[in-house]
Amino acid sequence: MSPDQITREIEAALPGAQVRVASDDGVHFSALVVAPQFEGLRPLARHQLVYRALGGAMGGAIHALSLDTPTPEEWARRSAG
């Protein structure tokens, strides 16, 4: 999968999310997903939402995915600092 494909899959599953995906080798990826759906969820639950969005690609076409999953409010605070 390409970073663009992963971005589209996540955006389709989490409407309104801001998604940035990068990869140096096409199997190890890092993603920043800023989504209102993460509000009130712990990091593990946030990651599970993203993993569900990618379905069978996890562990297949996507060997590893490093996630940063802030809410929009958390991202705004981080960006302002």
Side-chain angles (χ1 to χ4, degrees):
M1 292 185 84
S2 72
D4 288 341
Q5 289 171 303
I6 294 170
T7 298
R8 285 192 298 273
E9 293 286 329
I10 296 170
E11 288 174 340
L14 300 171
Q18 298 174 39
V19 183
R20 288 189 220 143
V21 179
S23 176
D24 291 331
D25 62 7
V27 292
H28 298 89
F29 298 89
S30 62
L32 168 65
V33 182
V34 182
Q37 293 88 339
F38 297 153
E39 192 66 46
L41 298 179
R42 292 182 179 199
L44 179 61
R46 296 175 185 195
H47 290 197
Q48 288 171 335
L49 282 177
V50 176
Y51 295 151
R52 274 195 293 269
L54 298 171
M58 288 305 303
I62 302 171
H63 178 71
L65 178 63
S66 170
L67 290 172
D68 184 7
T69 55
T71 65
E73 182 180 315
E74 291 166 345
W75 181 247
R77 279 196 311 261
R78 226 193 275 176
S79 298

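If you read the sequence from its start, that first residue is 1, and numbering goes on from there.
- Taking CD1 of I6 as the start and CG of L65 as the end, the distance is 6.5 Å to the nearest 0.5 Å.
- When all heavy atoms are compared, the tightest approach of P70 to R78 is CB-NH2, 3.5 Å.
- Of the possible donor and acceptor atoms, one in the side chain of Q5 sits under 3.5 Å from a partner among the backbone N and O of S2.
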Candidate pair T7 and R20, rule side chain to side chain contact (heavy atoms under 4.5 Å, CB included), full reasoning: CA-CA 7 Å; T7 298; R20 288 189 220 143; over 6 Å; no
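- Across all their heavy atoms, S23 and G26 have their closest contact at OG-N, 2.8 Å.
- Under the 4.5 Å side-chain contact rule for hydrophobic residues, I10 and L32 do not share a cluster.
- Using a cut-off of 4.0 Å between Lys/Arg side-chain N and Asp/Glu carboxylate O, R77 and E73 are scored as salt-bridged.
- The local environment of CG in D4 is crowded, with over 12 non-hydrogen atoms from other residues, nucleotides or ligands closer than 6.0 Å.
- With rounding to the nearest 0.5 Å, the separation of CG in L14 from CD in E9 is 11.5 Å.
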Under 3.5 Å, which donor-acceptor pairs link side chains of residues 49-63 to any protein atom two or more places apart or in another chain?
none

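- Residues R46 and D68 are not paired through a salt bridge, judged by the lack of any N-O separation under 4.0 Å between the basic side chain and the carboxylate.
- The side chain to side chain donor-acceptor pair (under 3.5 Å) contacts involving residues 26-43 comprise D25-H28, where partners must be two or more places apart or lie in separate chains.
- Heavy-atom minimum distance, P36 versus G16: CD-O, 4.2 Å.
- Considering CZ of F38 and OG1 of T71, their distance stands at 9.5 Å, rounded to 0.5 Å.
- When side chains are defined from C-beta on, S66 does not count as touching F29, because their heavy atoms never get closer than 4.5 Å.
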